[in-house]
Protein chains: 2
Amino acid sequence: MAIGVKDIATAAGVSLGTVSNVLNHPDRVSPRTRARVEKVMAELGFVPNESARQLRAGRSRTLAYVVLDATNPFFTDVARGVEETLAARDLSLYMCNSDNRADREANYLNRLEEQRVAGILLTPVDPESPALDKISGRGTPIVIVDRTRAGDTHCSVAVDDVLGGRLALEHLLDRGHERIAFIGGPSSIGQVHDRHAGALAALADAGLDESHLVRIDTSALSVGEGRQAAQRLAGMPGARRPTAAFCANDLLALGLLQHCVTTGVSVPDELAIVGFDDIEYAGAAAVPLTSVRQPRLRLGRTAAELLLDEVENPDHVHQQITFTPELVARASTETRAN
Amino acid sequence: MAIGVKDIATAAGVSLGTVSNVLNHPDRVSPRTRARVEKVMAELGFVPNESARQLRAGRSRTLAYVVLDATNPFFTDVARGVEETLAARDLSLYMCNSDNRADREANYLNRLEEQRVAGILLTPVDPESPALDKISGRGTPIVIVDRTRAGDTHCSVAVDDVLGGRLALEHLLDRGHERIAFIGGPSSIGQVHDRHAGALAALADAGLDESHLVRIDTSALSVGEGRQAAQRLAGMPGARRPTAAFCANDLLALGLLQHCVTTGVSVPDELAIVGFDDIEYAGAAAVPLTSVRQPRLRLGRTAAELLLDEVENPDHVHQQITFTPELVARASTETRAN
DNA sequence: TTCGTTGATTGAAAGGTTTCAAGTTTCGGT
DNA sequence: ACCGAAACTTGAAACCTTTCAATCAACGAA
């Protein structure tokens, strides 16, 4: 059924090798035969079999980016940065969604390794997983995105989440808040852990003890979970209820904000809110959201560059790059003029 | 360097065939040898070469979804629906982003066909492109998502965009608006065209001529373009300025809204806004957005089911499924009580 | 003891491409 | 007309699996 190089060769009256040359080394073939072969290929609808090609030639023209949550605009923006860098080269990017589940991530990594992709960009569920060493040890380069990893076994591109957490909390403390909620979870997510740690550090620096940061745990970093957190917050007795919330990401913050707005809780007067990521929707929210901005596109571009270098450059050396986050203050934490 | 079945066979003291059987037909092999072979595979870090496997066996366990815009939450939600359906089966989904560019779409489709993926879900730049017939004609099934196509050459799952446009406009007319902006573009995007057509139809039904719908063209369906459209709107002389806007999707609507809020244009009093898609952020916006809801997850699930049927079922027949959109009214179009 | 079964294992062929050493053609120069 | 070099073209081997017909081993039945 399927047309192969052999059929093309026969139909065009040339040898297999020539057909292959038309495909891979057009310069080696005389213009006339090339034209003839190409015509036949078009007529017969020839589609080279990438499996066979890759099997024989050993190379691959696809990369993959395995993200924690494809529905989070933060990650799709990073992906856009990756694509920008790849667009120049003749490479394709497949995006895979681990949905923050180790089993799904493992599945995808397996598949990608079996497929012998040229390289993998990964925002890992657990950056310390030994599976990563195994995979890159066998020859599929991995660049870690939005996380760092102990040691210099891999390239990584990340943002200083601890600093980010610190910035967020300092901002709230500056505005006089002393009972602050940290909304995020599960804490197994590294980003959540680091941002929380940064918040605690800021608290300590301000001479306040940990009791000033009440932790509200969520089961995911989603808008829905943000809404639920809002209910829990609302259920607290007024005296103990926080006057501000630092959310581990913008999705949570948006959910929280939405619930406040619909239930008539005034933001920022009754509750100030800080998010994290500064996704595009943060500034457009009911009350424009103060958020800790990460250079998303840049993250993606840089990660892609590192990966390409590791793929193409034989004396590549691993690099850990860390970007600095930046707090963007908006209405959700404004103090009323008085 | 790389370990192959041959190495495993040697190390385990069995034949190639047996190693392959351990992989593909474990029941055919005695428990004892199976254990031994598996042990050796683990020790040597054997990773089957999918290219070779696919070349010989002819099957593939991956599907792909080529979307128009990976940063649009609408599409990632559809993708989530797809993944839900695929999760049960042992299949992987690769997401590719055409960014609404025909050349990138063609590139991806090419690659995917060369890779011999089991099937493709596609939200096409141009559903009538003959390329689609060629590809599916050669044996790679394609299901069209969020668009329909003349004829019954493919399965498709879509939402009635014309009806959606009509609903949006009827809603605005009901609220007394008679100078309405249609914000969207480029009109080469089918969804934009259909939604506009629906709007025009509603206008006609109301006995108003086309001049009541002023078209503001955008170069993409993004938040940024929405902000720009807002500026153009603001630049119009008061007498001719529309009192309401129907945006071809929620991203535009959010951008428009954001600009209004920051420049002090009151929504809905000075400008009522209707979006399309009802993405998660629509309800959480500065002014909660009235929007035309599409059943996103259901769209994805259904598309995946159709594709699986086409892949697995020899006497599959193509189906065109159309869902009905639904208007969700929120504050952005509320009429002030008076 | 031998035969027939069943179950486990084997080994060669096949799948579609690229590679590369070897062979053939072309062409300018004499 | 002939030579040598340069330009093309060729064909077989190799890439790593899976498949399947054939072989082998074991074991219960006759």
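Note that the structure is predicted; figures quoted are calculated from it, not measured. Convention: sequence-line order gives letters A, B, ...; per-chain numbering from 1. We use all heavy atoms of the structure for the numbers below, so side chains are in, but hydrogens, waters and symmetry mates are not.
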Handout entry: Heavy atoms from other residues, nucleotides or ligands near CZ of Arg298(B) exceed 12 (cutoff 6.0 Å)
Key = no

Problem - Exam field: side chain Thr33(B) to backbone Ser30(B), donor-acceptor pair closer than 3.5 Å - result: yes

Completion exercise
d(Asp77(B) CG, Thr71(A) OG1) to nearest 0.5 Å is 6.5 Å

Handout entry: Nucleic acid contacts of residues 25-48 of chain B, taken as heavy-atom distances under 4.0 Å to DNA chain D
Key = His25(B), Phe46(B), Pro48(B)

Exercise for the section: Would you mind reporting whether Asn97(A) and Arg104(A) have side-chain heavy atoms less than 4.5 Å apart? Expected result: yes

Exercise for the section: Output the distance between atom CG (Leu63(A)) and atom OG1 (Thr140(A)), rounded to the nearest 0.5 Å. Expected result: 11.0 Å

Practice task
State, to the nearest 10°, the angle formed by the axis through the first five base pairs of the helix from dT1(C)-dA30(D) to dT30(C)-dA1(D) and the axis through its last five.
Solution key: 50°

Practice task
Grab the two heavy atoms, one from Ile3(B) and one from Leu44(B), that are nearest each other, plus how far apart they are.
Solution key: CG1-O, 3.5 Å

Handout entry: Gap between atom CG of Asn72(B) and atom OG1 of Thr76(A) - 0.5 Å precision
Key = 9.0 Å

Problem - Side chains of Lys39(B) and Arg36(B) in contact at under 4.5 Å (non-hydrogen atoms) - result: no

Fill in the blank from the handout: In numerical order, the residues of residues 51-60 of chain B whose heavy atoms come under 4.0 Å of DNA chain C are Ala52(B), Leu55(B), Arg56(B)

Problem - Minimum heavy-atom distance Gln320(B)-Ser156(B), with the two atoms named - result: CG-OG, 3.2 Å

Completion exercise
On a heavy-atom basis, the closest approach of Glu105(A) and Val125(A) is OE1-N, 2.7 Å

Check: protein-nucleotides 22-28 of chain D nitrogen or oxygen pairs below 3.5 Å:
none

Handout entry: Atom-pair distance (CD1 on Ile3(B); C1' on dC16(D)), nearest Å
Key = 13 Å

Practice task
Mind calculating the distance between NZ (Lys6(A)) and P (dG11(D)) to the nearest angstrom?
Solution key: 13 Å

Exercise for the section: Using modelled atom types only, decide if a donor and an acceptor are shared between the side chain of Thr322(B) and the backbone of Ala158(B) within a distance under 3.5 Å. Expected result: no

Exercise for the section: Show your reasoning for whether side chain to side chain contact (heavy atoms under 4.5 Å, CB included) applies to Val82(A) and Leu121(A). Expected result: CA-CA 9 Å; Val82(A) 173; Leu121(A) 293 154; 3.5 Å; yes

Practice task
Could you tell me whether Arg53(B) and Glu114(A) have a side-chain N and a carboxylate O separated by less than 4.0 Å?
Solution key: no

Handout entry: Modelled atom types, side-chain donor and acceptor of Tyr94(B) and Gln115(B), under 3.5 Å
Key = no

Completion exercise
DNA chain C: first to last nucleotide in contact with chain B (atom under 4.0 angstrom from a heavy atom), 5' to 3', is dA8(C) to dG16(C)

Exercise for the section: Mind listing the residues from residues 16-24 of chain B sitting with a heavy atom below 4.0 Å of DNA chain C? Number order is fine. Expected result: Gly17(B), Thr18(B), Asn21(B)

Handout entry: side chain to side chain contact (heavy atoms under 4.5 Å, CB included) assessment of Leu122(A) paired with Tyr108(A)
Key = CA-CA 11 Å; Leu122(A) 171 69; Tyr108(A) 272 120; over 6 Å; no

Practice task
Take the protein atom CG of Asp7(B) and the nucleotide atom P of dC15(D), then report the distance between them rounded to whole Å.
Solution key: 11 Å

Problem - Exceeds 12 heavy-atom contacts within 6.0 angstrom, atom NE2 of His318(B) - result: yes

Problem - Within-4.5 Å side-chain heavy-atom neighbours: Leu68(A) and Phe75(A) - result: yes

Exercise for the section: Would you please say whether a donor-acceptor pair under 3.5 Å links the side chains of Asp309(B) and His316(B)? Expected result: yes

